[in-house]
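The basis for the numbers below is simple: all heavy atoms, side chains too, and nothing from hydrogens, waters or symmetry mates.
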Amino acid sequence: MIERLISFSLRNRYLVLLLAAGLFAWGAYSVRASKIDAIPDLSENQVIVFTEWMGRSPQIMEDQVTYPLVTNMQGLPKVKSVRGTSMFGMSFVFLIFEDDADIYWARERVLERLNYAQRLLPTGVTPTLGPDGTGVGHVLWYTLKAPGLDLGEQRALQDWYVKFGLQNVPGVSEVASFGGFQKQYQVTVDPTKMTYYGITLPQVLAAVRSNNNEAGGRKFEQSGVGYIIKTTGYIQDMATLENVPVITQGTTPVRIRDVATVQMTGEARLGIMDLNGEGEAVGGIVVMRYGENADAMITRVKAKMEQIRAGLPPGVSFQLVYDRSGLIQDSVDSIKHTLLEEMVVVSLVVLLFLFHWRSALSILIQIPITIATSFILLNAFDISSNIMSLTGIALAIGVIVDNGIVMTENAYRNLAEYQAGESAGGPPDAGPEPPTALPAAAGPAPSTPTPVSHG
């Protein structure tokens with residue numbers, strides 16, 4: 001089989017060259033279209049179900065939220081395992097699917113089952129799906145450099161402007177904000193005053209909810225003009241919240257300010273974000289969507305940051321804390337440097353031992369064609385160009401070069417022996433001449449000798 005393939009290639013040299021050129025062109029296109037990342041994504045197909053029920057202990061979260069979700073999520077198609085964890089006010093359920101399961105198909109199956117499991121949870125508790133990112137999807141961290149803004153203003157700028165702009169970038173699954181204070185109206189009740197007026201905590205909660213709402217009326221016409229009635233009931237400042245009535249005793253309303261203290265403050269935090277020991281910082285984490293090109297996505301995010309920068313307050317700018325594109329670029333530069341070194345070393349070795357530049361050229365041509373063909377296979381199997389895959393290519397080049405040297409040296413030796421045999425007057429594989437028959441002194445003439453074939 002191999003002999004026939006070699007013979008066919010020798011008889012059809014132009015066809016072989018055309019095929020090699022086509023593979024190289026296809027491989028060059030595959031190199032440009034290949035997904036580039038620094039870290040190989042070895043994470044499993046995972047769907048996260050997140051449930052928040054603030055103020056509840058981990059045991060309550062486990063009994064009333066995590067356990068019902070875990071038991072009802074079992075039995076989904078292509079699910080390998082279901083894991084759950086509970087903490088103060090939060091519940092996480094991790095569903096691990098088989099490797100051949102499409103991640104978005106898996107998310108649809110989980111949503112279908114959540115519609116059934118919702119009725120088993122306490123009233124007001126709504127589970128949600130986590131982002132469609134992977135375990136290595138944190139590709140970019142940034143903070144806001146805002147010397148003239150406090151932490152609450154920086155967090156508001158991040159949540160209501162920067163985050164919405166970056167989430168529109170193709171390939172971004174989520175922009176998770178961290179640090180700072182999330183502004184909120186906080187009502188601190190006084191138990192003594194509540195007891196004096198005979199007011200309960202549910203009454204205070206109901207008064208705040210009912211007075212922080214808007215409702216629409218019907219449409220009416222007057223003088224040939226149509227008017228739509230609506231109310232403006234959202235709380236805009238602390239004074240409005242303080243004057244919300246809770247109950248009415250006789251003709252005197254008891255307001256929020258009579259039984260509680262209203263203040264503008266930040267939401268209670270479980271930790272802080274400190275940057276290099278220089279103080280607290282506000283920023284975000286850009287999470288890459290499953291199966292995206294990390295290098296191209298980071299480039300798009302940075303371009304979007306330049307657009308967002310124009311709308312930031314004076315003196316506010318972005319500071320990149322973690323940028324994977326640097327590691328990606330170093331990985332690509334390393335493989336390029338390795339390839340150039342191997343090509344130079346191989347050329348010198350072949351020229352030194354064979355003293356034949358055409359032999360060195362034939363080996364050097366094999367390297368780019370083989371590398372280009374390997375990228376075709378990487379794209380076919382949806383494998384990104386990362387540290388592990390590029391290192392495997394670099395190691396395989398050594399084997400390719402060794403084979404090229406062995407084959408070239410073998411062909412060179414056989415050609416040299418063939419040329420040496422022709423210069424001696426016969427083919428190199430000709431056997432010894434047959435012995436000449438000596439004539440007999442007497443007797444009949446010798447018969448004609450039978451020709452002997454030497455192959």
Side-chain angles (χ1 to χ4, degrees), residues 50-66 68 86-92 118-128 149-161 163 177-218 228-273 280 282:
F50 169 70
T51 309
E52 188 175 16
W53 196 20
M54 297 308 297
R56 272 67 179 183
S57 65
Q59 188 61 47
I60 295 178
M61 297 297 299
E62 176 72 22
D63 296 339
Q64 300 190 28
V65 179
T66 305
S86 304
M87 59 183 66
F88 182 78
M90 290 179 288
S91 168
F92 294 90
Q118 176 73 39
R119 63 183 183 85
L120 304 175
L121 303 180
T123 304
V125 178
T126 304
T128 58
L149 301 179
D150 59 33
L151 294 175
E153 294 172 333
Q154 293 182 37
R155 182 58 183 263
L157 183 64
Q158 160 65 22
D159 288 340
W160 300 102
Y161 178 64
K163 178 179 179 179
S177 302
F178 59 81
F181 295 94
Q182 294 179 276
K183 290 184 178 182
Q184 62 177 202
Y185 295 107
Q186 191 174 92
V187 179
T188 306
V189 298
D190 189 336
T192 304
K193 294 181 180 180
M194 293 178 61
T195 303
Y196 175 78
Y197 289 106
I199 297 175
T200 61
L201 184 59
Q203 289 178 310
V204 176
L205 296 175
V208 173
R209 289 195 181 100
S210 61
N211 286 273
N212 186 33
N213 195 8
E214 288 190 358
R218 61 173 295 175
I228 298 176
I229 301 174
K230 78 178 187 70
T231 61
T232 302
Y234 285 129
I235 296 174
Q236 301 293 334
D237 51 29
M238 290 189 296
T240 304
L241 183 56
E242 289 176 343
N243 292 321
V244 170
V246 181
I247 62 173
T248 301
Q249 294 182 347
T251 58
T252 304
V254 179
R255 299 179 173 86
I256 293 291
R257 66 185 181 188
D258 297 327
V259 296
T261 302
V262 179
Q263 59 182 348
M264 175 70 75
T265 182
E267 186 179 0
R269 304 186 299 174
L270 299 178
I272 65 173
M273 174 62 187
E280 294 190 48
V282 176

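Side chain of E214 to main chain of K230: no donor-acceptor pair is present (N/O by atom type, distance under 3.5 Å, no hydrogens or angles). For the pair N211 (side chain) and A207 (backbone), a donor-acceptor distance under 3.5 Å is present. In this structure a side-chain-to-backbone donor-acceptor pair under 3.5 Å is present from D258 to R255. Checked by atom type and distance alone, the side chain of S86 never pairs as donor or acceptor with a backbone atom of S91 at under 3.5 Å.
Among all heavy-atom pairs drawn from R257 and N243, the shortest one is NH1-OD1, 3.0 Å. Residues Q154 and L149 share a closest heavy-atom pair of NE2-O, 3.0 Å. In this structure, P58 and F88 approach most closely via the heavy-atom pair CG-N, 3.8 Å. Across all their heavy atoms, T248 and G250 have their closest contact at CG2-O, 3.4 Å. Here the closest heavy-atom approach between residue R155 and residue F181 is recorded as CB-O, 3.3 Å. Between M87 and M61, the closest heavy-atom pair is O-CG, 3.6 Å.
By the 6.0 Å contact criterion, CD1 on I228 is open, its count of non-hydrogen atoms from other residues, nucleotides or ligands being 12 or less. Within a 6.0 Å radius of OH in Y196, other residues, nucleotides and ligands contribute 12 heavy atoms or fewer.
Looking at heavy atoms from C-beta onward, D150 lies in side-chain contact with E153 at the 4.5 angstrom threshold. Contact annotation: the side chain of M264 approaches that of K183 to within less than 4.5 Å [non-hydrogen atoms, C-beta and beyond]. For the pair Q158/F178, no side-chain contact is recorded, criterion being any heavy-atom separation below 4.5 Å from C-beta on. Counting heavy atoms from C-beta on, the side chains of M273 and V282 never come closer than 4.5 Å. Side-chain contact between P68 and L121 is present, with at least one heavy-atom pair separated by less than 4.5 Å.
Of the inter-residue distances, the one linking I256 atom CD1 with T188 atom OG1 reads 11.5 Å to the nearest 0.5 angstrom. The OG1 atom of T51 lies 13.5 Å from the CZ atom of R56; values are rounded to the nearest 0.5 Å. Y197 OH to D190 CG: the interatomic distance, rounded to the nearest 0.5 Å, is 10.5 Å. A distance of 7.0 Å separates CE of M194 from CD1 of I199, quoted to the nearest 0.5 Å. The line from OG1 of T66 to CD1 of I60 is 12.0 Å long, rounded to the nearest 0.5 Å.
Listed by chain and residue number, Q186, E267 satisfy the side chain to side chain contact (heavy atoms under 4.5 Å, CB included) test with Q184 (two or more places apart in sequence, or in another chain). The side-chain hydrogen bond (donor to acceptor under 3.5 Å, both in side chains) test applied to T265 returns no partner, not counting sequence neighbours. For T195, the side chain to side chain contact (heavy atoms under 4.5 Å, CB included) test picks out no residue, with sequence neighbours left out. Partners of E52 according to the salt bridge (Lys or Arg N to Asp or Glu O under 4.0 Å) rule, which considers only residues two or more places apart in sequence or in another chain, do not exist here. Every residue two or more places apart in sequence or in another chain was checked for a side-chain hydrogen bond (donor to acceptor under 3.5 Å, both in side chains) with Q182, and none qualifies.
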Donor-acceptor contacts under 3.5 Å from residues 232-241 side chains, at least two apart:
| residue | atom | partner | partner atom | Å |
| --- | --- | --- | --- | --- |
| D237 | OD1 | T240 | N | 2.9 |
| D237 | OD1 | T240 | OG1 | 2.6 |

